[in-house]
4 protein chains.
Amino acid sequence: MATARKRLTRDESQAQTRERILLAARAVVARNGFAGASVRDIAEEAGYSQGALYSNFSGKEPIMLELLRQHMREEAEQLQAIVKGSDGAASLDRLGTWAGTLNSEVDWSMLALELQLLAHRSPTFAADYDEVHEAHAKNLGQIVAEFYRSLGREPQLDPRELAAGCMALAHGLALQRRKDSEAPAGRLIMTFLGALLADAKPSESPGSEDRET
Amino acid sequence: MATARKRLTRDESQAQTRERILLAARAVVARNGFAGASVRDIAEEAGYSQGALYSNFSGKEPIMLELLRQHMREEAEQLQAIVKGSDGAASLDRLGTWAGTLNSEVDWSMLALELQLLAHRSPTFAADYDEVHEAHAKNLGQIVAEFYRSLGREPQLDPRELAAGCMALAHGLALQRRKDSEAPAGRLIMTFLGALLADAKPSESPGSEDRET
Amino acid sequence: MATARKRLTRDESQAQTRERILLAARAVVARNGFAGASVRDIAEEAGYSQGALYSNFSGKEPIMLELLRQHMREEAEQLQAIVKGSDGAASLDRLGTWAGTLNSEVDWSMLALELQLLAHRSPTFAADYDEVHEAHAKNLGQIVAEFYRSLGREPQLDPRELAAGCMALAHGLALQRRKDSEAPAGRLIMTFLGALLADAKPSESPGSEDRET
Amino acid sequence: MATARKRLTRDESQAQTRERILLAARAVVARNGFAGASVRDIAEEAGYSQGALYSNFSGKEPIMLELLRQHMREEAEQLQAIVKGSDGAASLDRLGTWAGTLNSEVDWSMLALELQLLAHRSPTFAADYDEVHEAHAKNLGQIVAEFYRSLGREPQLDPRELAAGCMALAHGLALQRRKDSEAPAGRLIMTFLGALLADAKPSESPGSEDRET
DNA sequence: GATGAATGAGTGTTCATTCAT
DNA sequence: CATGAATGAACACTCATTCAT
C-alpha cells in the first residue's frame with residue numbers, strides 16, 4: 001500500500017486528492033445539506049486540512065458545482081442507456097424501473113435544489129450554475145426527444161422544457177416527506193409521463209413502435 | 001394613535017405583534033431566502049427587538065412554519081374558489097390563468113422548499129413540518145378529486161398524490177432559473193395537467209358534462 | 001463592588017463595555033500593532049466575547065478609528081493648554097518639554113501610521129480616516145497659528161500644513177528605531193520648529209513681546 | 001532562447017531569478033502594500049513557484065529588506081549626485097526639484113514605514129532592519145554634512161540626526177492623504193529645510209559664498 | 001411583555017511556510 | 001534548484017439564542 005502510494009505521480013496524487021475531497025463533500029452534503037456542509041467538515045471527512053481543499057478548489061461553491069456536474073453526467077448517461085438502441089415499449093419499462101430508484105436520490109435532489117436556491121441569491125454563483133443547468137437541460141431534452149420518437153410520438157412542447165419539467169417533478173417529489181406506505185415517487189412520475197405520452201399525437205412518420213436506429 | 005393603541009386588550013396587542021413579525025418575516029424571506037433571513041433582520045424589519053420575537057415565537061423555525069401555514073391556507077382557498085361551484089371546463093380555464101401567476105410565487109416556492117430541506121435535516125422540525133404538509137396535501141387532494149369529478153373523470157391515483165405531484169412540479173419549476181424568453185412555468189404545468197386529465201378514464205357515474213376534444 | 005455593578009443602568013453598562021473594549025484595544029495595539037491586533041485578542045483582553053465587540057462596534061476598523069480619535073482629542077487638548085493664555089517664550093519652553101515626552105508615544109504613532117497605511121489601501125476606510133485626519137489637522141492648524149501669533153510671527157505657510165508637517169515629523173521620528181544613546185525625537189522636532197520660527201518674518205501687528213536673538 | 005539560457009552559469013541564473021523575484025516583489029508591494037503582498041502573489045508575478053522563492057530567500061521578510069536596501073542605495077546615489085560637485089545654491093535648487101518628485105514615492109515610503117513597524121514588533125527582523133537603517137542614516141548624514149558645508153553652514157545637530165529627521169518628514173508626509181489642491185509634500189519639506197539652513201550659523205572656515213534669502 | 005447586550009460556537013477564507021517529488 | 005500540494009494556525013465576522021434589566 002505504502003509502495004503503491006509512492007508510485008503516484010504528482011498529477012495522479014492531485015487527482016486523487018480532488019476525488020477524495022469530492023467524495024467527502026458528497027457524503028457531508030448528504031448528511032447535512034449544502035448549507036450545513038461546512039468546509040471544515042468536508043476537509044475533515046476527506047482527511048485533509050482545510051487549506052488542501054482551497055488548493056484544489058477555489059471555494060465551497062465550486063466544489064458543490066462540480067458535485068452537481070458529476071451527478072448530471074451520470075444521470076444523463078443512465079438515461080441515454082435506457083432510451084438508446086431499443087424499441088420504445090422496452091424503454092418505457094426500463095424507465096419505470098429506473099424512476100423507481102429515484103427514492104434513493106433524495107440527497108442529489110437536495111443538493112440540486114439547494115444549489116438552485118443559492119443561484120437565486122448569489123448572482124456570481126448563478127452565472128456558473130445556469131451554465132451547468134442549461135447544459136443538462138439541453139442534454140436531457142435530446143434524450144426526451146429521442147424517446148418520444150422511439151414511441152412514434154410528437155412532443156407537445158420543446159423537449160428541453162419537458163425535460164426540465166421532469167427534473168422539477170423528480171426533485172420536488174424526492175424532497176417531499178411521505179410516509180413509506182405511500183406510493184414511491186417513481187410511480188407518480190411514470191403516471192405523469194404516461195399521460196403525457198398518451199396525450200401526444202402520433203408523429204407523421206408512420207413509425208409507431210417499429211422505427212429504428 | 002396612542003389612544004387607539006390603548007384600546008387594544010393584551011391579547012389583541014400580542015396578536016398584532018405576532019402578525020407584524022410574520023409580515024416582516026415574509027418580507028425578509030422574500031428578499032434573502034430562508035437561510036439568509038436572520039432573526040435580527042426580521043426583528044428589525046418588524047420594528048421590534050430580537051427579544052420581542054422570542055417572546056412571541058419559540059425560535060426561528062416556528063416563525064417560518066407559521067408563514068408556510070399561512071401561505072398554504074391562502075393557496076387552498078384560491079384553489080377551492082377556482083374549482084368550486086362551476087362546470088369543469090371553466091374551472092380548467094381559470095386554473096390555467098391561476099397557474100400562470102405561479103411565476104411570481106418564486107419566493108413562496110423557495111420558502112416551501114427550504115423548509116422541506118430543513119425537515120430532512122432536523123428531526124425536531126420534521127415533526128412539525130410533516131403535520132403542516134400532510135394537512136395541506138389532504139386538503140389539496142380533496143380539491144383535486146372534486147376537480148376530476150367536475151370533469152367527469154376518475155383520478156388515476158390517490159388524489160392526494162396527484163396534488164402532491166402538482167405541488168412538487170410547481171415548486172420545482174418556480175425555482176428553475178429560466179430565461180424570460182422561455183415558456184412560463186404555468187404553461188408547462190397545464191400541459192402536464194391536461195395530459196393527466198385527457199388520459200383519465202371517464203367516471204362511471206356520469207356526473208357532469210362530457211369533456212371536450 | 002458587586003452592588004456597585006448592579007446599580008449600573010443599561011446605558012451606563014454599555015458605555016462601560018465600550019470603554020473597556022477601547023482600553024483593551026489600546027493595550028493590544030500597543031503590544032502588537034494594528035495588523036497584529038486581532039479582534040480575538042482585543043475581546044479576550046477586554047474580558048468579553050468577540051460578539052460583544054461586534055455589538056458595540058461595527059468592525060475592527062471603527063474601533064481603531066475611535067482609538068485614534070480619542071488620542072487626537074487628548075493631543076489637541078494638551079497642545080491647546082500649552083499655547084493658550086501665556087506668552088510665547090514660556091509656550092516654547094513648555095512645548096519643548098512636551099515634545100520630549102513624545103518618545104513614549106511610539107504606540108500612538110504606530111497606530112496613526114498604520115491607519116494611514118490602511119487608508120491608502122481601503123477606499124472605504126479612507127473616507128472615514130480622512131475625515132478624522134482632516135479635522136485634527138485643521139484643529140492643530142489653529143493652534144499653530146495661535147502659537148506663531150503669540151510669538152509675533154507670521155507663518156510661512158498655511159498653518160494646517162505646518163501642523164501636518166509636524167505630525168508627519170513626529171510620527172516618522174517616533175517610529176525610527178534609534179539607540180537610546182541618541183538624541184530623543186523631541187529635541188530634533190524642537191530644532192526643526194525653532195528654525196521655522198526663527199525664519200518666519202515678524203507679523204505687522206506688533207502683537208506681543210519681541211523675540212530673542 | 002534555450003541556448004541563451006544555457007549560457008548562464010549557475011550563479012548567473014540564480015542571480016537572475018533573485019532579481020526577477022525582487023522586481024516582482026516591488027511591483028506587488030506597490031500595488032497592495034507590504035501586508036497585502038502575499039508570497040503567492042509575488043511568486044506568481046515573477047513567474048516562479050512559491051518554492052522557488054524560498055530557494056532564493058529565506059522568507060518574506062528578507063525579500064522586503066532587500067527591496068528596502070535597493071531603494072536606499074538608489075536614494076543615496078541620487079542625493080549624492082545632487083549635492084556633490086557643485087555650489088550650494090544650485091544644489092538647493094536641484095534638491096527642491098528632487099523633493100517635488102517625492103509625491104510619487106508613496107509606495108516606497110509605505111514600504112519603509114511598514115518595515116519600520118514590523119521591526120517594532122519582531123525582534124528577529126529588527127536586528128536586520130536596524131543594520132540597514134543605520135547604514136543608510138550614516139550615509140545620508142555624510143551627504144547632509146557635505147551639503148551644509150557647501151553652503152558654508154554649520155549643522156545644528158549631528159548630521160545623521162538631521163538626515164533621519166528629513167527621512168521621517170518625507171515618509172510621514174508622503175503617507176498623508178492630502179487633497180490635490182494642497183501644497184505638495186516637496187514644498188513643505190523645502191520650507192522646513194530652508195528654515196534649518198537659514199537658522200544654521202555660518203561655519204568658521206569660510207567655505208563658500210554666504211548667501212541669504 | 002419587551003429590550004438588546006452579550007454569548008459561544010460557528011462560518012468561509014487566507015497565508016507563510018514545508019517537503020516529497 | 002525548482003515545484004506546488006498540503007499544512008495548520010490564524011483571521012474578521014455572523015448568528016440564533018439567552019437573560020438581566
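The model shown is predicted, which means the values in this text are computed figures rather than measured ones. The chains referred to below are lettered A, B, ... by the order of the sequence lines, with proteins before strands, and numbering in each begins at 1.
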Inset, instruction - Describe the nucleic acid contact of Q50(C) in one word from base, sugar-phosphate, nothing, applying a heavy-atom distance below 4.0 Å. - result: base
Legend entry - Presence of T17(B) side-chain N/O under 4.0 Å of dA2(E) phosphate oxygens OP1/OP2: yes
Inset, instruction - Output yes when a side-chain donor or acceptor of E114(B) lies under 3.5 Å from a complementary backbone atom of F34(B), and no otherwise. - result: yes
Legend entry - Most 5' of E61(C) and F34(B) on DNA chain F, judged by nearest nucleotide: E61(C)
Inset, instruction - Could you tell me the separation between the OH atom of Y54(B) and the C1' atom of dA5(E), rounded to a whole number of Å? - result: 15 Å
Legend entry - Side-chain heavy-atom pair Y129(C), L118(C) within 4.5 angstrom cut-off: no
Inset, instruction - Under a 3.5 Å limit for both distances, which nucleotide forms a Watson-Crick or G-U wobble pair with dT11(E), could you say? - result: dA12(F)
Inset, instruction - Could you say whether Q14(B) or G51(D) is positioned toward the 5' end of DNA chain E, judged by the nucleotide with the nearest heavy atom to each? - result: Q14(B)
Inset, instruction - Please tell me if the side chains of Q70(D) and R26(D) come closer than 4.5 Å, counting only heavy atoms from C-beta onward. - result: yes
Inset, instruction - Check whether any side-chain nitrogen or oxygen of S55(B) sits under 4.0 Å from OP1 or OP2 of dG1(E), and answer yes or no. - result: no
Inset, instruction - Please tell me if the side chains of W108(B) and L67(B) come closer than 4.5 Å, counting only heavy atoms from C-beta onward. - result: yes
Inset, instruction - Using atom types as modelled and distance alone, determine if a side-chain donor or acceptor of H120(C) lies under 3.5 Å from a backbone N or O of L175(D). - result: yes
Inset, instruction - Under 4.0 Å between any heavy atoms, over every strand shown, what does A46(C) touch: base, sugar-phosphate, or nothing? Just pick one. - result: nothing
Inset, instruction - Pick base, sugar-phosphate or nothing for V39(C), based on heavy-atom distances below 4.0 Å to the nucleic acid. - result: sugar-phosphate
Legend entry - Position toward the 5' end of DNA chain E (nearest nucleotide), G59(D) or K60(A): K60(A)
Inset, instruction - Select base, sugar-phosphate, or nothing to describe what A37(A) touches, counting heavy atoms under 4.0 Å on all strands. - result: sugar-phosphate
Inset, instruction - Whole angstrom is fine here: how far is it from CD in Q16(D) over to P in dC1(F)? - result: 16 Å
Inset, instruction - Using a heavy-atom cut-off of under 4.0 Å over every strand shown, decide if A35(A) touches base, sugar-phosphate, or nothing. - result: nothing
Inset, instruction - Measure the distance from CZ on F125(D) to P on dA16(E) and round it to the nearest whole Å. - result: 14 Å
Inset, instruction - Would you kindly give the CG-to-P distance between D41(C) and dC13(F), to the nearest whole Å? - result: 14 Å
Inset, instruction - Under 4.0 Å between any heavy atoms, over every strand shown, what does S49(A) touch: base, sugar-phosphate, or nothing? Just pick one. - result: base
Legend entry - Nearest-Å distance for atom pair CG/C1', residues L53(B) and dG1(E): 13 Å
Inset, instruction - Quickly work out the E44(B) CD to dT14(F) C1' distance and round it to whole Å. - result: 14 Å
Inset, instruction - Report the nucleotide, chosen from dT14(F), dG12(E), dA2(F), that has the shortest atom-to-atom distance to any side-chain atom of A52(D). - result: dA2(F)
Inset, instruction - Can you tell me the distance, in whole Å, between the CD1 atom of I42(D) and the P atom of dT14(E)? - result: 17 Å
Legend entry - Side-chain N or O of N56(A) closer than 4.0 Å to phosphate OP1/OP2 of dA6(F): yes
Inset, instruction - For F57(D) and dC1(F), give me the distance from atom CZ to atom P, rounded to whole Å. - result: 14 Å
Legend entry - Whether R18(B) side chain and N56(B) backbone form a donor-acceptor pair below 3.5 Å: yes
Legend entry - Closest-nucleotide 5' rank along DNA chain F - winner of R40(C) and R18(A): R18(A)
Legend entry - Mate of dC19(E) where both pairing distances stay under 3.5 Å, Watson-Crick or G-U: dG4(F)
